[in-house]
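Shown next, in structure tokens, is the structure this report addresses.
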Amino acid sequence: MPGSLTRRRNCVSRSAIMEAHSRNLFADMLVRVRTATTAVLGDAVDQSRVVVEPPRDPSHGDMATNAAMVLAKDAGKKPRELADAIAKKLRADPLVEKVDVAGPGFINMTLKPRAWIGALRAAIVTGQNYGRSDIGKREKVNVEYVSANPTGPMHVGHGRGAVFGDALASLLDFTGFDVTREYYVNDAGAQIDVLARSAFLRYREALGENIGAIPDGLYPGEYLKSVGEALAKAHGATLKERPEADWLPVVRSTAVEMMLDVIRDDLAALNVKHSVFFSERSLIEGGADQVGATIVALRASGEVYEGRLPPPKGAPVEDWEDREQTLFRSTDFGDDVDRPLKKSDGSYTYFASDIAYHKAKYDRGFHNMIDVWGADHGGYIKRMQAAVKAVSGGKAALDVKVVQLVRLLRAGEPVKMSKRAGDFVTLREVVDEVGRDAVRFMMLYRKNDAVLDFDLAKVIEQSRDNPVFYVQYGHARAQSVFRNARAEMPSLPVGEGNRVAFLAEAPLERLNDPMELALMRKVAAFPRQVESAALAHEPHRIAFYLYELASEFHAHWTRGKDLPHLRFIIQNDPETTAARLALVQGIVTVIASGLTLLGVEAPAEMR
RNA sequence: GACCCCGUAGCUCAGCCGGAUAGAGCACCAGCCUUCUAAGCUGGGGGUCGCAGGUUCGAAUCCUGCCGGGGUCGCCA
């Protein structure tokens with residue numbers, strides 16, 4: 001009866017709050033294992049290699065620790081012997097049901113139901129904050145992603161880096177880092193002049209001139225027509241008669257601005273966010289040549305010198321010119337050769353301004369930097385890491401995450417792209433066709449350094465074969481349980497607003513079916529998954545976790561077909577129903593939270 | 001020639017900081033089912049973790065060499 005539930009609520013609320021305190025059961029158990037180990041070995045031993053993790057084989061229990069094996073040598077004891085001693089201490093722990101020593105010295109623990117109950121309650125009570133942690137200690141970290149040249153719309157490969165960087169930034173934010181999401185705008189190099197010349201051609205075209213075929217070396221894309229039209233509208237024919245030196249800066253800034261608008265729209269369509277757009281041009285503008293200053297500083301510290309390079313091996317370079325040039329001593333940091341900072345015409349190389357850019361990041365207080373690059377930039381990792389070490393005096397670290405190629409398919413067949421016509425498949429076209437959620441989830445449903453097959457037909461299928469649908473449907477199906485509960489048992493307060501308070505105090509000890517317990521364990525594992533994904537800089541782990549959780553939930557749901565007593569809603573048993581709805585709420589919370597981290601919608605229904 | 005990434009079941013891929021008898025989905029085989037939301041369910045077969053050494057109590061995981069696939073290789077970004 002609802003009445004008895006109401007009374008019960010007052011009785012258990014204090015313990016509910018206390019148990020909700022242990023938000024990360026695995027971290028909690030690690031502390032308990034370490035305490036037990038200290039009781040045996042004293043506090044002088046280094047326990048940094050001790051871990052608590054779920055055993056691969058569930059029959060070994062809920063959690064296992066390697067404490068005895070990694071400490072046996074230091075302790076001067078046999079692993080099994082040490083394990084027995086630690087196990088004895090752990091048996092006194094109030095959360096521990098059973099402890100076994102197995103194999104070479106594993107300590108396997110089976111936890112009391114109250115441990116899982118506490119974790120589930122934590123998920124319900126903390127809601128979207130479940131899994132949030134402070135392991136980042138508010139350390140500043142700069143995540144730079146996309147940074148596509150503002151010379152045209154984004155392609156699918158850019159999209160992968162965008163989604164990856166965005167999700168990684170969210171993950172780091174969620175785990176307590178002070179995250180800056182940054183886009184480096186390459187608005188200064190030679191390619192920007194090429195863009196301007198290409199736009200100038202379109203400008204003449206907009207004025208009615210027949211420009212014929214776009215010459216080699218210029219951007220042929222139709223998307224520049226709008227730039228040409230805008231220029232014609234703003235300047236009439238006045239630019240046309242003047243020398244390039246006059247019109248180039250004007251056309252350049254208009255073109256870059258318009259292309260950045262296109263890119264910003266593309267990013268918005270994917271819901272990818274940045275907090276800083278850092279202009280390369282700003283490094284050399286206004287008389288303050290930060291690139292030159294950086295080179296001078298590195299020359300003073302001996303990292304930059306004048307010298308010669310051997311010609312590159314492999315593909316022959318036709319116009320190789322052996323000359324003395326300004327070089328960065330990246331070999332001091334493990335690179336293969338030293339790298340040039342100036343081109344033969346005296347202008348800076350891309351690398352030179354990138355060094356200055358990363359120095360600027362360091363000067364802005366970032367000791368942790370993450371760059372997300374496309375696979376074709378893989379050869380630049382070492383020199384950039386070398387540069388970061390050099391400009392920071394070894395105080396800053398750069399992690400470069402390389403996202404591999406995306407192969408676009410449609411029902412298994414490669415999508416043809418003709419690059420020379422400039423009409424490659426844009427990111428926008430893909431997003432418009434299959435939707436933001438499908439693009440985001442699929443791009444995260446693979447390790448970043450593995451090539452990704454993206455099948456336009458498959459990602460919109462409504463089947464188990466399509467992880468996006470499967471996970472989102474899991475969320476929608478879980479929400480539907482509450483809709484049904486409200487209809488079938490109106491006396492239960494399980495609306496959007498009052499659900500949490502009610503379910504947090506449900507009699508969760510009634511969840512004792514093996515599948516229910518498995519789902520509780522899965523929910524309890526979420527904070528650990530978040531933590532490891534964040535520290536490893538691998539958002540895909542969240543996507544895989546969500547697929548597993550959804551899979552278990554769907555399987556449990558289906559069992560209710562044959563076994564009505566396992567259904568979530570039991571009309572004549574409000575207590576059991578409340579407990580099961582609490583489990584569903586935990587699942588809803590975690591799926592929604594995980595999808596939010598990935599930037600994917602968690603729909604309440606899918607019709 | 002050098003460097004980077006990949007190599008795990010027939011296919012597509014997971015495997016967290018080294019951990020126990022290496023997992024999932026698809027496909028295949030057998031049985032069941034026809035729906036509290038529309039993914040059917042349960043069980044089964046299937047692996048020399050590319051190869052060879054090394055480190056370790058323990059290696060798919062770390063190190064070295066080789067093989068195969070992809071990428072990159074001053075003055076593009």
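The model shown is predicted, which means the values in this text are computed figures rather than measured ones. We use all heavy atoms of the structure for the numbers below, so side chains are in, but hydrogens, waters and symmetry mates are not. Quick note on labels: first sequence line is chain A, next is B, and so on, each numbered from 1.
Note: His377(A) and Tyr380(A) have tilted aromatic rings, judged against thresholds of 30 and 60 degrees for the angle between ring planes.
Atom-to-atom distance recorded for Leu535(A):CG and Thr175(A):OG1 is 6.5 Å, nearest 0.5 angstrom. Separation of atoms OG1 (Thr558(A)) and CZ (Phe553(A)) is listed at 9.5 Å; rounding is to 0.5 Å. Between Phe174(A) atom CZ and Ser133(A) atom OG the span is 8.0 Å, to the nearest 0.5 Å.
The side-chain heavy atoms of Asp266(A) and Pro153(A), taken from C-beta on, include a pair separated by under 4.5 Å. Looking at Asn466(A) and Ile460(A), their side chains never come closer than 4.5 Å, going by heavy atoms from C-beta outward.
Aromatic ring centres of His554(A) and Tyr547(A) lie farther apart than the 6.0 Å criterion allows.
Here, C66(B) and A30(B) have their C1' atoms 45 Å apart, quoted to the whole Å. Straight-line distance between the P atoms of C13(B) and G40(B): roughly 22 Å, to the nearest whole Å. Straight-line distance between the P atoms of U56(B) and U61(B): roughly 16 Å, to the nearest whole Å. When the P atom is compared between C49(B) and A2(B), the two are found 28 Å apart, to the nearest whole Å. Rounded to the nearest Å, the gap between the C1' atom of A27(B) and that of G44(B) is 14 Å. Comparing C62(B) with C5(B), their P atoms sit 11 Å apart, to the nearest whole Å. Separating the C1' atom of G10(B) from that of G45(B) is a span of 13 Å, rounded to the nearest Å. G54(B) and C41(B): their P atoms are spaced 47 Å apart (whole Å).
With hydrogens and angles left out, the side chain of His377(A) and the base of A77(B) share a donor-acceptor pair within 3.5 Å. For Thr558(A) against A39(B), a side-chain-to-base donor-acceptor contact under 3.5 Å is present. A donor-acceptor contact under 3.5 Å is formed by the side chain of Asn108(A) with the base of A20(B). Side-chain atoms of Arg446(A) stay outside donor-acceptor range of the base of U12(B), with no qualifying N/O pair under 3.5 Å.
Looking at heavy-atom distances under 4.0 Å, Tyr470(A) makes contact with a base. Residue Ala476(A) is in base contact, counting any heavy-atom pair closer than 4.0 Å across all strands shown. Residue Ala550(A) is out of contact with every strand shown, counting any heavy-atom pair closer than 4.0 Å. Nucleic acid contact for Pro79(A): none, since no nucleic acid atom lies under 4.0 Å from a heavy atom of the residue. At the heavy-atom level, Val70(A) lies under 4.0 Å from base atoms of the strands shown. Among the atoms of the strands shown, only primed sugar atoms or phosphate atoms (P, OP1, OP2) are found under 4.0 Å from some heavy atom of Val451(A). Among the atoms of the strands shown, base atoms are found under 4.0 Å from some heavy atom of Arg477(A). Within 4.0 Å (heavy atoms only), Tyr547(A) reaches sugar-phosphate atoms of the nucleic acid but no base atom. Nucleic acid contact class of Lys382(A) (heavy atoms, under 4.0 Å, all strands): sugar-phosphate only. Among the atoms of the strands shown, only primed sugar atoms or phosphate atoms (P, OP1, OP2) are found under 4.0 Å from some heavy atom of Ala375(A).
Checking the phosphate oxygens (OP1, OP2) of C17(B), no side-chain nitrogen or oxygen of His537(A) falls inside 4.0 Å. Lys447(A) has no side-chain polar atom (N or O) that falls below the 4.0 Å cut-off from OP1 or OP2 of C5(B). OP1 or OP2 of G18(B) has not a single side-chain nitrogen or oxygen of Asn66(A) nearer than 4.0 Å.
Of the nucleotides present, G1(B) is the one that pairs with C73(B) by Watson-Crick or G-U wobble criteria, both distances under 3.5 Å. C28(B) is paired with G44(B) under the Watson-Crick or G-U wobble criterion, all donor-acceptor distances under 3.5 Å. Pair assignment for G7(B) gives C67(B), based on Watson-Crick or G-U wobble hydrogen-bonding distances that are each under 3.5 Å. Within the shown strands, G54(B) is the pairing partner of C62(B) under the Watson-Crick or G-U definition, both distances less than 3.5 Å.
Nucleotide C17(B) holds its P atom 13 Å from the CG atom of Asp399(A), rounded to whole Å. In this structure, the CG atom of Asn149(A) is 8 Å from the P atom of A77(B), given to the nearest Å. Atom pair Lys458(A):NZ and C11(B):P shows a separation of 14 Å (rounding to whole Å applied). Spacing between atom CZ of Phe544(A) and atom P of U12(B) amounts to 14 Å, rounded to whole angstrom units. Going from atom CD1 of Ile591(A) over to atom C1' of A39(B) covers 13 Å, rounded to whole Å. Atom-to-atom, CZ of Arg486(A) to C1' of C36(B) comes out at 15 Å; the value is rounded to the nearest Å. Rounded to whole angstrom, the span from the OH atom of Tyr445(A) across to the P atom of C26(B) amounts to 11 Å.
Ring-base stacking between Phe106(A) and G19(B) is not satisfied when judged by a centre separation under 5.5 Å and a plane angle under 30°.
Closest-nucleotide positions on RNA chain B for Tyr350(A) and Ala536(A) were compared, and the one nearer the 5' end corresponds to Ala536(A). With RNA chain B read from its 5' end, the first of the two nearest nucleotides for Glu488(A) and Lys342(A) is the one closest to Glu488(A).
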| said: Tyr445(A) vs Phe544(A), test: ring-ring contact (aromatic ring centres under 6.0 Å, His included). Steps then yes/no. | reply: CA-CA 7 Å; Tyr445(A) 197 65; Phe544(A) 279 94; 4.3 Å; yes

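Ranking C16(B), C6(B), A39(B) by closeness to the Trp557(A) side chain, first place goes to A39(B).
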